[in-house]
**Student:** 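What follows is a single structure, and I will ask about it in a moment.
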Amino acid sequence: MAEFVRVATRSEIPPGGKLLAEIDGRAIAVFNYEGTYYAIDDVCTHDGGPLAEGDFEGCEIRCPRHGARFDVRTGQALCFPAIEPVTAHQVEVRGDEILVAIED
Ligand code: FES
């Protein structure tokens, strides 16, 4: 079973905020959408763009490289040029801490 790893405190990611974390050398983008935290791989499935550097609006992150958009809640690709989803990871909040468990 995947182990939850602390990535941030709640105050570090306010609503509408995002943060780049690293777990076991894997880049993970963590988002606060309307008070709930979500985590996805930070690597765009189109050509590897760094998603956490993109614009975050509503529940969508826009890849800064060619503009593909993903739903941060599920990792689903919402428009071209990305077709494949990015992997979404489980998030847990314990007190003031945000933890993420990596899915393979
Ligand atoms: S690398 Fe993300 S849209 Fe091309």
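When a ligand or atom number is given, it counts from 1 through the structure's own listing order. Computed from a predicted structure; not experimentally measured.
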**Student:** Say whether, by atom type as modelled, one donor and one acceptor occur between the side chain of E97 and the main chain of R94 under 3.5 angstrom.
**Tutor:**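 No.
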
**Student:** Assess whether side chain to side chain contact (heavy atoms under 4.5 Å, CB included) is satisfied between D71 and Y38, documenting all intermediate values.
**Tutor:** CA-CA 10 Å; D71 187 324; Y38 299 94; over 6 Å; no

**Student:** side-chain contact (heavy atoms from CB on, under 4.5 Å) with K18: which of V30, I61, D42?
**Tutor:**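 The side-chain contact (heavy atoms from CB on, under 4.5 Å) with K18 is passed solely by I61 among V30, I61, D42.
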
**Student:** Flag the pair D24 and R26 as a salt bridge only when some basic side-chain nitrogen lies within less than 4.0 angstrom of an acidic carboxylate oxygen.
**Tutor:**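 Salt bridge flag = no for R26 with D24.
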
**Student:** Below 2.8 Å, which protein N, O or S atoms neighbour atom 4 (Fe) of ligand 1, ignoring water?
**Tutor:**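 Listed by chain and number, the atoms are H46 ND1, H66 ND1.
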
**Student:** Kindly compute the distance separating CG (L51) from CG (D41), expressed to the nearest 0.5 Å.
**Tutor:**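 Between atom CG of L51 and atom CG of D41 there are 8.5 Å.
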
**Student:** Just say parallel, tilted or perpendicular for the rings of F31 and F56, cut-offs at 30° and 60°.
**Tutor:** tilted

